[in-house]
Amino acid sequence: MRIGYIGLGKMGLPMATNLRAAGHDLIVHNRSRGKVDAFVADGGTAADTPAEVAAQADVVCLNVPLPQDSLEILLGENGALETARDGQLWIDFGTNGPDTAQHCAAEAAGKGVGYLDAPVSGGPAGATAGTLAVFVGGTTEDWQAGQELLDIVGGNVQHFGPVGAGCVAKLANQMIIAGVRAANAEAYVLAVKNGIDPQQLFDTLMGAYAASRCMEVDMPNLVFPGDFEARFGVELLLKDLGLALELGRRSNVRLLATTLADQLYQEVRHKGLGDLDAAALIKPLEELAGVEVRSGDSA
C-alpha cells in the first residue's frame, strides 16, 4: 500500500518508520526538509507539498500539533484536498477538537475520501515501540479500511464512534493527565517539605491506590533527575486543555478541575517554562515551597 505521511516530528517519524518496516511504500512531507531527506535515505519518496503526497497515496496520514495545521495541510492551498481522489482515506493522528475533525471529514467526503480522527497517546517511546493508544473516530467502513495500518502504530486501538469521537476520547485522556500531574506535584512537594524521602514515597505509592502511569513515568525519569526536556510539552498540553474547556462549554459540562489544571499550566508558561515537558508543572510549586523533589536513585 502507498501511504502518505505528513509530519515527521517526535511522534510522526517513528510511526512512519514502523509503517515502512511493515512493508508499505511511504511518501513523506515535512516542513523541515532535512527530516524528509534522512527518512527517504532508508527508503521512501519525498514530496514537496501535501497535494503532492495525496496525488500518490492510497492513504494519507498526518501528525501535526495544532488544529490549524491539520486544516492547512488537508484543506489549504497545495493541500491534500486539491489532489485527493475517490476511495482515498485520510488518518489524522493529531489532537484536535471534534469540530475540526468533522469539518475535515465533510470536505473530504465531497471528493469521496474517507476520514478518521485517530489521536494517539504513549509518547515517543510508545511511537517507536508501536504500542500507542489510538483513539479513533469515523464511519465503520473507514475504520475497517484503516484498521490494518492503525494496528501497526498502536498496541491499543479503539474505535469510539463517528467522526470526532476519537478527539473527544483523547481530550478526556489529556484532562486526566493534567489533573493527576497537578495532584502529584502538590503531594510530593508537601511530603518533601516535611522531611519525606521522595524515592521512598514513590516506591510505596506505586504499590498503593495512588499509583498512576503519570507517576510511574514522570517521577523517576523527569522529576527526580530534574530533566524536563520536552517529551510532550507544556504548550501542547495547554492547547489540549483549551480544546477540552471549549468542548465543555459547548456541552454544558462543568469542568472545574480541568479549569484549575489549565490555570496551573498557565503559571508554568508565565514562568517562561512553556517549552519544557508537561511534568514541569511541579517547578513553580517547588520554587514557592523552597524545596526540590529530587532523588539520587532516579533512572
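- Membership of an apolar cluster is not assigned to L66, as no side-chain contact below 4.5 Å to another ILVMFWY residue is traced.
- E107 pairs by the side chain to side chain donor-acceptor pair (under 3.5 Å) definition with nothing, not counting sequence neighbours.
- When every heavy atom of V217 is checked against every heavy atom of P220, the shortest pair comes out as O-CD, 3.8 Å.
- Between V234 and G274, the closest heavy-atom pair is CB-O, 3.5 Å.
- Looking at every heavy atom in both residues, A280 comes nearest to L276 through CB-CB, 3.9 Å.
- Residues P67 and L243 meet the side-chain proximity criterion, which asks for heavy atoms closer than 4.5 Å.
- Listed by chain and number, the residues in a ring-ring contact (aromatic ring centres under 6.0 Å, His included) with H29 amount to none (sequence neighbours excluded).
- Proximity of a side-chain donor or acceptor of K193 to a complementary backbone N or O of A289 within less than 3.5 Å is detected.
- Smallest separation of non-hydrogen atoms from A178 and L241: CB-CD2, 3.8 Å.
- A donor-acceptor pair under 3.5 Å links the side-chain atoms of K10 to the main chain of A230, judged by distance alone.
- Aromatic ring pairs are classed by plane angle as parallel below 30°, tilted from 30° to 60° and perpendicular above 60°; the pair F202 and F224 is perpendicular.
- By the 4.5 Å side-chain criterion applied to Ile, Leu, Val, Met, Phe, Trp and Tyr, L71 is assigned to a cluster that also includes I6, I27, V53, V60, L62, V64, I73, L74, L75, L81, W90, V113, Y115, V163.
- Other residues sharing the hydrophobic cluster of I176, ordered by chain and number and joined by side-chain separations under 4.5 Å: V180.
- Linking Ile, Leu, Val, Met, Phe, Trp and Tyr residues whenever their side-chain heavy atoms come within less than 4.5 Å leaves Y265 and L247 in two separate clusters.
- L236 and L8 are members of different hydrophobic clusters when ILVMFWY side chains are connected at heavy-atom separations under 4.5 Å.
- Listed by first and then second residue, the side-chain hydrogen bond (donor to acceptor under 3.5 Å, both in side chains) pairs that reach into residues 170-179 are T95-K170, S121-N173, Q174-D240, sequence neighbours excluded.
- Partners of Q158 according to the side chain to side chain donor-acceptor pair (under 3.5 Å) rule, which considers only residues two or more places apart in sequence or in another chain, are N156.
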Inset, instruction - In sequence, state the C-alpha distance, the side-chain angles, and the governing distance for L150 and L116, and then conclude on side-chain contact (heavy atoms from CB on, under 4.5 Å). - result: CA-CA 10 Å; L150 295 172; L116 296 174; 4.2 Å; yes

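- When the side chain to side chain donor-acceptor pair (under 3.5 Å) test is applied to E216, the partners found at least two apart in sequence or on another chain are R213.
- Defined by atom type and a distance below 3.5 Å, a donor-acceptor pair is present between the side-chain atoms of T139 and D142.
- A salt bridge links E287 with K271: the distance from a Lys NZ or Arg NE/NH1/NH2 to an Asp or Glu carboxylate oxygen falls below 4.0 Å.
- Within the hydrophobic cluster formed by Ile, Leu, Val, Met, Phe, Trp and Tyr side chains joined at under 4.5 Å, directly or through other members, L245 is accompanied by M175, V253, L255.
- Judged purely by atom type and a 3.5 angstrom limit, N96 has no side-chain atom pairing as donor or acceptor with the backbone of P98.
- Counting heavy-atom neighbours within 6.0 Å of Q200 CD, excluding the residue itself, gives a total of 12 or less.
- Of the possible donor and acceptor atoms, none in the side chain of Q263 sits under 3.5 Å from a partner among the backbone N and O of T259.
- The shortest non-hydrogen separation linking G9 to N30 is N-OD1, 4.4 Å.
- Cluster membership check: V36 shares its hydrophobic cluster with Y5, using side-chain heavy-atom separations under 4.5 Å among Ile, Leu, Val, Met, Phe, Trp and Tyr.
- A donor-acceptor pair under 3.5 Å is absent between the side-chain atoms of D262 and the main chain of T258, judged by distance alone.
- Without hydrogens or angle criteria, K111 side chain to G87 main chain gives no donor-acceptor distance under 3.5 Å.
- The OG atom of S212 lies 8.0 Å from the CG atom of D218; values are rounded to the nearest 0.5 Å.
- In this view, D203 and Q199 satisfy the side chain to side chain contact (heavy atoms under 4.5 Å, CB included) rule, not counting sequence neighbours.
- You'll find the side chain of R269 reaches within 4.5 Å of the side chain of E235, heavy atoms only.
- Ion pairing between D25 and R20 fails under the 4.0 Å rule for side-chain N and carboxylate O.
- By the rule that hydrophobic residues join a cluster once side-chain heavy atoms approach within less than 4.5 Å of another member, V168 and I177 end up as members of separate clusters.
- A search for side chain to side chain donor-acceptor pair (under 3.5 Å) contacts involving E246 returns R250, not counting sequence neighbours.
- Looking at V136 and F160, their side chains never come closer than 4.5 Å, going by heavy atoms from C-beta outward.
- Hydrophobic clustering, with ILVMFWY side chains joined whenever heavy atoms are under 4.5 angstrom apart, groups F228 together with L238.
- With Q88 contributing its side chain and A54 its backbone, the two residues share a donor-acceptor pair below 3.5 Å.
- Summarising the geometry, atom CG belonging to L264 is positioned 12.0 Å from atom CD1 belonging to I282; distances are rounded to the nearest 0.5 Å.
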Inset, instruction - Before giving the answer on side-chain contact (heavy atoms from CB on, under 4.5 Å), spell out for I3 and D58 the whole-Å C-alpha distance, their side-chain angles and the decisive distance to 0.1 Å. - result: CA-CA 6 Å; I3 301 171; D58 304 307; over 6 Å; no

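- Rounded to the nearest 0.5 angstrom, L201 CG and M206 CE are separated by 11.5 Å.
- The side-chain heavy atoms of M219 and Y188, taken from C-beta on, include a pair separated by under 4.5 Å.
- The closest donor-acceptor contact from the side chain of Q147 to the backbone of W143 lies at 3.5 Å or more, if one exists at all.
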Inset, instruction - Test Q56 against T45 for side-chain contact (heavy atoms from CB on, under 4.5 Å), laying out the working first. - result: CA-CA 10 Å; Q56 303 175 67; T45 303; 4.1 Å; yes

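- The CG atom of N18 sits 12.0 Å away from the CG atom of L149 when rounded to the nearest 0.5 Å.
- Shortest non-hydrogen contact noted between A127 and P14 is CB-CG, 3.6 Å.
- D117 contributes a side-chain N or O that, together with a main-chain N or O of C167, makes up a donor-acceptor pair within less than 3.5 Å.
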Inset, instruction - Carefully, step by step, assess E286 and R294 under the rule salt bridge (charged side-chain N to carboxylate O under 4.0 Å, His left out). - result: CA-CA 11 Å; E286 289 179 327; R294 303 292 180 266; 2.8 Å; yes

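- Using modelled atom types, one side-chain atom of R85 and one backbone atom of A57 make a donor-acceptor pair closer than 3.5 Å.
- Salt-bridge formation is detected for the pair R31/D69: a Lys NZ or Arg NE/NH1/NH2 atom is positioned less than 4.0 Å from an Asp or Glu carboxylate oxygen.
- Between atom OG1 of residue T17 and atom CG of residue L26 there is a gap of 8.0 Å, rounded to the nearest 0.5 Å.
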Legend entry - Verdict with supporting geometry, M15 and L19, side-chain contact (heavy atoms from CB on, under 4.5 Å): CA-CA 6 Å; M15 292 167 69; L19 290 168; 5.6 Å; no

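- Separating the CG atom in N184 from the CE atom in M215 is a distance of 4.0 Å, to the nearest 0.5 Å.
- With sequence neighbours excluded, the residues forming a side chain to side chain contact (heavy atoms under 4.5 Å, CB included) with D277 are R181, L222, R231, A279, listed by chain and number.
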